[in-house]
2 protein chains.
Amino acid sequence: MSNEEERATPPGSLSHRVPDLGALELLLAVARLGSLGGAAREVGITQPAASSRIRSMERQLGVALVDRSPRGSRLTDAGALVTDWARRIVEAAEAFDAGAQALRDRRDSRLRVAASMTIAEYLLPGWLLALRAGRPDTAVSLLAGNSAAVAERLLAGEADLGFVEGVSVPPGLDSAVIAHDRLIVVTAPGHAWARRRRPLEASELAATPLILREKGSGTRQVLDAALGGLARPLIELSSTTAVKAAAVSGAGPAVLSELAVGEELAMRRLVRVPVEGVALARDLRAVWPTGHRPVGPARELLSLTRGKSGPSGA
Amino acid sequence: MSNEEERATPPGSLSHRVPDLGALELLLAVARLGSLGGAAREVGITQPAASSRIRSMERQLGVALVDRSPRGSRLTDAGALVTDWARRIVEAAEAFDAGAQALRDRRDSRLRVAASMTIAEYLLPGWLLALRAGRPDTAVSLLAGNSAAVAERLLAGEADLGFVEGVSVPPGLDSAVIAHDRLIVVTAPGHAWARRRRPLEASELAATPLILREKGSGTRQVLDAALGGLARPLIELSSTTAVKAAAVSGAGPAVLSELAVGEELAMRRLVRVPVEGVALARDLRAVWPTGHRPVGPARELLSLTRGKSGPSGA
DNA sequence: ATGAGGACATAAGCTGGAGTTATGAGCAAC
DNA sequence: GTTGCTCATAACTCCAGCTTATGTCCTCAT
């Protein structure tokens with residue numbers, strides 16, 4: 001017996017310590033219905049299967065999750081907590097599913113969307129879920145690319161609605177601002193800047209090597225423009241996520257879209273560094289071919305993306 | 001409850017359409033390392049297993065994720081997107097794991113935390129992850145309960161650090177404000193209030209039946225106090241999550257902690273309704289027995305919870 | 001009481017997915 | 001060429017999770 005079951009973090013990574021999605025869904029169903037059998041029915045398995053599954057989940061976690069009684073099952077206190085955490089996983093999985101489905105459908109879709117990377121990454125899955133809630137039968141296809149690619153698709157009639165994050169709107173397209181985004185400077189909590197109280201100035205930012213997206217990315221363009229083309233890279237990485245990962249690991253300060261780091265900030269994996277005197281704001285826009293106001297599903301989706309603003313006005 | 005389950009998508013719920021955590025972790029490793037074999041090594045399986053796993057994931061999603069070449073593998077455009085969505089799932093799973101581990105350890109923990117439900121639900125997993133990053137070997141145990149239970153544990157010496165969200169600090173404890181929370185009114189996007197521009201007034205809020213936590217919950221107490229004991233329930237539910245679910249499904253307006261609905265607001269599953277003239281703010285506090293300033297791991301955790309504030313001062 | 005019905009547990013057997021080893025094939029650099 | 005990296009394919013093993021069948025415990029109605 002070379003290895004012990006519990007060690008700080010055994011090699012069997014997450015998948016061995018976290019129940020699989022099916023089990024989590026089952027747990028949510030138990031929480032909602034107050035019965036193992038009922039939950040089993042809902043997820044389409046038999047009662048003994050559900051019983052065994054919950055039990056093995058309890059064994060895996062080392063915590064009692066449900067109080068079984070001859071007339072139903074209720075969650076333990078710990079179970080309630082676990083269930084809430086589980087729900088976050090399931091919600092992320094739902095977003096994944098919505099996105100993946102759009103990525104696949106491609107062919108017979110009633111709504112074809114083209115979006116820039118940042119938007120496709122962080123906002124679109126949520127919109128798709130909302131759309132699915134309202135119009136369950138709308139098949140959506142998604143194509144992700146930069147602003148130029150989005151414009152091209154729209155003008156070629158290969159997409160019904162586009163989303164871009166650039167500073168300018170490609171020619172031939174009408175647009176509506178649907179949200180505002182801002183680039184922010186972040187560091188790992190341990191970094192010296194994390195404890196700054198006085199805002200950074202443009203000159204400091206320009207003088208410091210930063211973790212950045214590669215040249216040509218929307219994010220980088222905005223930053224370079226704001227600093228006058230002077231941003232000095234510590235490393236250049238080709239995805240927002242890679243930049244985040246590098247920043248979290250403490251490699252240095254990074255500049256990223258506010259959208260990309262919401263969760264990291266909330267969980268304090270990253271800390272925002274205040275900045276002054278640098279224009280890092282940008283608009284997120286929905287776009288469509290001039291004159292072709294979105295109709296049908298496209299209009300539906302467009303309206304979802306604009307929370308509390310009033311009606312449109314191309 | 002009593003609402004129709006989704007149909008649009010086939011019965012095989014999520015778990016059949018979303019790859020399991022192991023596969024997602026593998027995908028992240030491939031993205032990071034640029035090689036199937038390397039990723040396989042990292043997650044502790046053989047190269048053929050990784051190859052087959054990625055392939056079956058591509059089959060499942062109906063999208064090519066990686067471009068394989070005789071000298072490495074790079075992500076497809078779609079693959080990059082999928083990987084980013086996958087990362088959200090994995091991060092939620094990490095938080096789950098951190099929380100679940102704390103729930104289990106219980107006995108030989110070097111740091112015993114007692115926290116109120118809302119904090120345990122939404123903030124603690126993130127803190128635990130951050131703590132684990134800095135001090136990988138700190139075993140933490142977690143006990144969730146209401147303010148009174150937290151105080152009791154602390155005073156009995158059964159917990160080293162507590163977190164409460166009440167309006168007042170239980171006697172015998174010192175405290176430090178670590179964050180501010182606020183109750184907010186939310187509705188599904190379809191609700192009439194979602195389109196309001198003029199803020200609600202206290203009288204309107206008090207006159208409208210709301211989806212609420214049960215009497216006695218911290219959330220409900222704050223609301224009742226703010227309205228003068230007048231909150232009128234449409235339904236009373238026993239968990240924050242149940243309230244959210246009801247609100248999302250359009251049952252009516254709900255009152256919830258800002259913390260609880262961040263994601264729903266971002267994804268526009270819920271819309272915030274502005275309110276005026278009602279005191280819905282509350283402090284989140286760390287607490288400890290009077291005189292026993294947190295030391296060691298407790299101090300470590302405490303400092304994590306306060307992002308940019310300076311040193312403490314009981 | 002007593003029997004019906006609901007809810008969970010246990011037992012035994014089946015199946016498929018994911019893992020393994022072994023091997024082959026394409027491409028690069030020396 | 002040969003070495004060394006990559007990935008793919010094949011044949012086999014094994015276990016997690018499913019099913020059906022049955023048992024126990026409790027509650028409620030007759």
Side-chain angles (χ1 to χ4, degrees), chain A residues 2-3 5 10-62 64-76 79 86, chain B residues 10-62 64-76 79 86 93:
Chain A
S2 42
N3 52 3
E5 170 153 14
S13 263
L14 277 182
S15 35
H16 294 169
R17 297 195 308 266
V18 177
D20 62 78
L21 278 173
L24 298 180
E25 283 190 281
L26 178 62
L27 179 62
L28 296 188
V30 171
R32 180 153 20 88
L33 301 175
S35 144
L36 289 187
R41 241 169 285 129
E42 180 168 287
V43 306
I45 61 178
T46 59
Q47 172 267 318
S51 180
S52 128
R53 204 130 192 220
I54 295 284
R55 183 170 297 286
S56 72
M57 183 155 55
E58 290 177 315
R59 221 163 2 104
Q60 182 182 20
L61 299 179
L65 298 175
V66 305
D67 272 335
R68 297 142 232 256
S69 89
R71 74 178 184 294
S73 298
R74 284 203 61 63
L75 289 180
T76 305
Chain B
S13 264
L14 277 183
S15 36
H16 294 164
R17 297 194 308 267
V18 177
D20 60 76
L21 278 172
L24 298 180
E25 282 191 282
L26 178 62
L27 180 63
L28 296 188
V30 171
R32 180 153 17 91
L33 301 175
S35 146
L36 289 187
R41 240 169 287 127
E42 181 167 287
V43 307
I45 61 178
T46 59
Q47 173 267 318
S51 180
S52 127
R53 205 133 190 217
I54 295 283
R55 184 171 295 288
S56 73
M57 183 155 55
E58 289 176 316
R59 221 163 3 98
Q60 181 182 20
L61 299 178
L65 299 175
V66 303
D67 272 335
R68 298 141 231 255
S69 90
R71 74 179 183 294
S73 298
R74 283 203 61 64
L75 290 180
T76 308

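A, B, ... follow the sequence lines: proteins, then strands. Residue 1 opens every chain.
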Colleague: To the nearest angstrom, how far is A/Glu42 atom CD from C/dA7 atom C1'?
Modeller: 17 Å
Colleague: Counting heavy atoms from C-beta on, name the nucleotide in D/dA8, C/dT10, C/dC8 closest to the side chain of A/Pro48.
Modeller: C/dT10
Colleague: Round to a whole Å and report the spacing from CZ of B/Arg41 to P of C/dT20.
Modeller: 13 Å
Colleague: Send over the distance from B/Arg74 CZ to D/dC5 C1', rounded to a whole Å.
Modeller: 17 Å
Colleague: Does the side chain of B/Arg71 get closer than 4.0 angstrom to OP1 or OP2 of C/dG26 through an N or O atom?
Modeller: no
Colleague: Report which part of the nucleic acid B/Asp20 touches: base, sugar-phosphate, or nothing (heavy-atom distance under 4.0 Å, all strands).
Modeller: sugar-phosphate
Colleague: Please list all pairs meeting salt bridge (Lys or Arg N to Asp or Glu O under 4.0 Å) that have one or both residues in residues 27-51 of chain B, counting only residues at least two apart or in different chains.
Modeller: B/Arg32-B/Glu42
Colleague: Could you check how far CD of B/Gln60 sits from P of C/dG16, rounded to whole Å?
Modeller: 17 Å
Colleague: Of the nucleotides D/dC7, C/dG26, D/dC26, which one has an atom closest to the side chain of A/Pro70?
Modeller: D/dC26
Colleague: Would you say B/Ser69 reaches D/dT6's phosphate, i.e. side-chain N/O to OP1/OP2 under 4.0 Å?
Modeller: no
Colleague: Separation of A/Leu26 atom CG from D/dC18 atom C1', in whole Å?
Modeller: 13 Å
Colleague: Are the side chain of A/Thr76 and the backbone of A/Gly79 linked by a donor-acceptor contact shorter than 3.5 Å?
Modeller: no
Colleague: Is the backbone N or O of A/His16 less than 3.5 Å from a side-chain atom of A/Gln60, with the two atoms forming a donor-acceptor pair by type?
Modeller: yes
Colleague: Output the single nucleotide from D/dA8, C/dA9, C/dG19 whose closest atom is nearest the side chain of A/Ser51.
Modeller: C/dA9
Colleague: Look at all strands and tell whether A/Ser52 reaches a base, only sugar-phosphate, or nothing, counting heavy atoms closer than 4.0 Å.
Modeller: nothing
Colleague: Can you check whether B/Arg68 reaches B/Val66 side chain to side chain, under 4.5 Å on heavy atoms?
Modeller: yes
Colleague: Has A/Glu58 got a side-chain atom pairing as donor or acceptor with A/Arg53's backbone, closer than 3.5 angstrom?
Modeller: no
Colleague: Tell me which nucleotide among D/dT9, C/dG19, D/dT27 gets nearest to the side chain of B/Ile45.
Modeller: C/dG19
Colleague: Out of C/dT20, C/dA28, C/dG19, which has the shortest distance to the side chain of B/Arg53?
Modeller: C/dG19
Colleague: Without decimals, in angstroms, what is the distance between B/His16 NE2 and C/dG17 C1'?
Modeller: 12 Å
Colleague: It should be established whether A/Ser35 places a side-chain nitrogen or oxygen under 4.0 Å from OP1 or OP2 of nucleotide C/dG6.
Modeller: no
Colleague: C/dT21, D/dC7, D/dC18: which one has an atom nearest the side-chain heavy atoms of B/Gln47?
Modeller: D/dC7
Colleague: Taking only N and O in the side chain of B/Arg68, is any of them less than 4.0 Å away from OP1 or OP2 of D/dT6?
Modeller: no
Colleague: Using whole Å, report how far CG of B/Leu36 lies from P of D/dT9.
Modeller: 12 Å
Colleague: Once you round it to whole Å, what is the distance between P of D/dG17 and CE of A/Met57?
Modeller: 11 Å
